[in-house]
Amino acid sequence: MNKPPTFWSSLWEHVEIARTLRSLRLYFDPQMCTGIWECYEVCPVGCWSRDLERGIAVLEKPEACIACGACVLQCPEEAIELR
Amino acid sequence: MATVFMKWLETTPRDYERGIRLLTLGRLEKLHVLLTEDFIKPGMRVLEIGCGTGALARRMAGKGANVTAVDVSPDMLAEAQRQLDARDLAGSVSFEHMDATLIGERLPVAAFDRIVASLVFSELSPDEQRHVLQNCRWLLAPDGRLLIVDEVPPAGFLQRILFWLVRAPITLLTWILTRTTTRAVRSLEVLLRESRFRPCRLGSRLGGSLVLVEGSPLPEAAPAFDLEQAAIPRLRHRISLRSLLVDLWALFLRVIPPYPKVRPGLYAVGHPDTTSPVFVSGNFDLSVRRLVRELDGKVDAWLLVADSKGINVWCAAGGGYFTADSVIAAVGSSRIESIVQHRHLILPQLCANGVDADRIRGEIGWQTAWGPVRAEDIPSYLAGGKKTDAMRWLRFPLVDRLEMVSATLGLYAIMILIPLLIFWRPLFWPVAISLFGLSYFYGVMLPWLPGRDGLVKSIPLALIALAGLFAYVTLVNPLPPLRLFHWTIGLTGLSVFVAAELQGMSPFMRGEQANWGWELLIGIALGLIYWLVPMAVGWR
């Protein structure tokens with residue numbers, strides 16, 4: 001079934017990816033967070049902040065997210081999802 | 001008469017206290033509070049050099065520290081003791097009469113968790129400063145810290161002028177009232193570094209002229225590393241004909257492969273040794289040269305260039321071209337493991353979307369840290385050992401916006417203007433001028449145009465462009481209706497195209513390809529209007 005990509009199909013793939021990128025939202029499960037704050041370290045737009053008292057991360061500004069995926073990849077607990 | 005004058009010249013401890021408070025506009029105390037709150041814990045053994053009338057010593061003892069406070073002036077010490085006796089403190093203070101240069105001979109080695117010096121180094125000669133710092137290294141216990149509060153010249157030229165303008169009258173007034181003055185320590189941080197302390201500026205007041213600096217002792221200097229013997233190339237910031245040509249290419253045509261690349265491998269920046277930090281970068285020529293531009297002459301470091309297929313790290317990591325494997329391969333294939341004693345990589349923060357740091361740690365046992373987003377922040381990141389939010393967050397300042405507009409325009413010039421030049425020459429100049437004008441205007445105005453989407457931003461852009469057109473027509477040069485109509489269609493279409501397409505240049509907006517459908521629709525609609533309206537109105 002896998003056809004080799006043509007010029008037009010790869011263009012269409014770009015559109016699909018772009019659409020997905022735009023619709024992606026961050027989902028965060030604070031229960032799974034162990035507070036290493038790697039998400040806060042890598043987020044280039046400041047979505048995350050640190051709750052020093054409870055020792056967990058806080059998704060403070062989800063609207064700033066650019067769906068780069070850095071926090072999702074770096075979180076060792078897989079507490080963050082983009083979908 | 002002379003005796004009276006000489007008597008007046010003498011400074012009493014009380015005068016000194018008042019004078020310092022006046023001279024620092026009360027800000028010295030703020031730094032003392034910061035120092036005590038953040039760095040003094042109950043039970044700590046603290047040495048204060050040059051305690052004066054003992055205000056800081058009492059504050060630290062109040063937090064529960066056991067303070068040994070030395071000063072060269074018996075009068076000051078007597079006053080300090082008097083004020084201490086009047087109080088009940090959690091910790092203890094013992095005052096000792098001692099010249100700062102003698103602490104190494106009189107006090108026990110490795111016996112202090114903190115050594116504190118407030119407005120002391122400015123009173124010492126350069127030789128004395130080095131001698132005292134050397135002694136501080138001996139007196140500090142393992143993990144001990146040196147904390148210096150002192151006056152320094154402000155960093156910038158303008159700040160310096162402003163500082164002296166404000167400072168001169170205060171200095172004069174203070175001296176007349178109290179015969180007290182202070183001097184600024186030149187290059188305090190350099191001094192610390194020379195004495196093998198890592199300096200970190202923790203706080204500053206009075207426009208950066210009064211600072212709190214922490215010094216953490218570094219291991220004794222490692223033997224210098226012989227780069228030439230190891231045959232490791234050194235990267236320098238040099239402007240050459242080649243670099244200018246590559247810059248010009250990169251300015252307008254960077255999106256077109258082949259991307260200018262640097263050969264992956266280990267490079268030296270400055271004169272790194274076996275303890276120098278190791279930075280990882282991708283191998284896009286422009287990135288590496290900009291990195292070196294910011295580091296050369298300021299930082300001694302190793303630069304491990306990993307293969308990112310000549311793409312910048314963010315895009316390469318996002319596209320799967322720059323991964324943990326690229327970094328692991330770069331470490332393994334270079335000789336870095338036999339060169340540096342530590343196992344600590346500083347990764348570009350923007351590759352975190354594709355480089356799994358956990359895998360690097362797990363597979364090759366190197367620790368990783370995320371460096372600043374922008375290379376220009378690296379020297380202060382290294383100096384402070386800490387990363388601030390400003391170093392972590394993207395900015396898209398005007399210079400970058402103009403650069404990215406140019407980089408995008410290069411491609412559109414080829415795709416749009418060259419065909420026009422060949423097949424439809426009368427349209428070349430109007431389209432070229434409109435395209436460039438609209439694009440740069442859009443680049444400048446980007447933060448102020450409403451919406452987070454190129455298509456939405458195209459509405460205000462088109463409105464502004466049309467307002468400009470109608471202002472031109474009414475005020476300068478009236479156009480015949482048909483030409484005005486064509487210009488309206490053209491500018492609207494180009495505005496939509498520019499705003500929607502240039503969305504991709506901004507790091508804050510995503511997925512411009514999703515606009516294509518709308519662009520096509522708007523294009524068809526404008527085309528229909530272009531054909532049908534003149535027929536309906538009978539302009540032809």
Side-chain angles (χ1 to χ4, degrees), chain A residues 5-26 32-52 57-83, chain B residues 313-320 322-324 346-362 368-374 386-396 452-456 500-501 503-504 506-520:
Chain A
T6 63
F7 174 74
W8 293 108
S9 79
S10 66
L11 273 189
W12 181 245
E13 200 187 321
H14 271 286
V15 176
E16 295 276 85
I17 291 172
R19 282 198 179 153
T20 318
L21 262 177
R22 285 189 176 201
S23 63
L24 288 177
R25 297 281 175 275
L26 272 181
M32 293 162 78
C33 180
T34 54
I36 59 154
W37 294 317
E38 200 72 354
C39 48
Y40 164 77
E41 289 292 331
V42 297
C43 181
V45 289
C47 288
W48 299 92
S49 67
R50 297 173 294 176
D51 185 334
L52 298 170
V58 181
L59 182 50
E60 196 190 355
K61 285 191 276 178
E63 73 282 359
C65 179
I66 52 174
C68 74
C71 55
V72 178
L73 178 66
Q74 303 303 331
C75 179
E77 308 299 330
E78 296 178 11
I80 310 169
E81 254 188 283
L82 267 176
R83 62 183 144 84
Chain B
V313 289
W314 202 7
C315 292
F322 188 55
T323 62
I346 303 176
L347 299 169
Q349 186 195 316
L350 288 183
C351 76
N353 56 337
V355 174
D356 185 349
D358 212 35
R359 262 192 54 212
I360 297 176
R361 291 189 287 262
T368 58
W370 302 106
V373 165
R374 298 177 82 92
K386 286 189 189 101
K387 196 169 156 191
T388 62
D389 281 344
M391 298 180 185
R392 190 172 285 129
W393 294 343
L394 286 169
R395 279 171 289 147
F396 196 37
R452 247 187 92 178
D453 181 292
L455 273 178
V456 180
E501 287 297 312
Q503 173 177 330
S506 157
F508 297 112
M509 297 195 281
R510 43 183 161 161
E512 80 272 15
Q513 294 88 349
N515 292 336
W516 286 350
W518 285 105
E519 282 175 63
L520 196 65

Checklist entry - For A:L24, is it the side chain, the backbone, both or neither that has a heavy atom under 4.5 Å from a heavy atom of chain B? => result both
Checklist entry - Where does A:E16 contact chain B at under 4.5 Å (heavy atoms): side chain, backbone, both or neither? => result neither
Checklist entry - So do the side chains of B:L350 and A:P44 get within less than 4.5 Å of each other, counting heavy atoms only? => result yes
Checklist entry - Is it the case that more than 12 heavy atoms not belonging to A:E78 sit under 6.0 Å from its CD atom? => result no
Checklist entry - Looking at A:V45, A:I17, A:T20, which one has more heavy-atom pairs under 4.5 Å with chain B than the rest? => result A:V45
Item to check | Test: B:K387 cationic atom under 6.0 Å from A:W37 six-membered ring centre, within 45° of axis | outcome: no
Checklist entry - More than 12 non-hydrogen atoms from neighbouring residues, nucleotides or ligands closer than 6.0 Å to CD on A:E77, yes or no? => result yes
Next on the checklist: Shorter than 4.5 Å, heavy atoms on both sides: which option in A:A18, A:C71, A:A64, A:C68 has the most such pairs with chain B?
Outcome noted: A:A18
Item to check | Test log, rule side-chain contact (heavy atoms from CB on, under 4.5 Å), inputs B:D453 and A:R22 | outcome: CA-CA 10 Å; B:D453 181 292; A:R22 285 189 176 201; 2.7 Å; yes
Next on the checklist: With rounding to the nearest 0.5 angstrom, report the CH2 to CH2 distance, B:W516 to A:W12.
Outcome noted: 10.5 Å
Next on the checklist: For the CG atom of B:N353 and the CD1 atom of A:I66, what is their distance to the nearest 0.5 Å?
Outcome noted: 8.5 Å
Next on the checklist: For the backbone of B:A357 and the side chain of A:Q74, can you confirm whether one donor and one acceptor N or O come within less than 3.5 Å of each other?
Outcome noted: yes
Next on the checklist: Out of A:C43, A:G69, A:P76, return the one with the most heavy atom pairs under 4.5 angstrom to chain B.
Outcome noted: A:C43
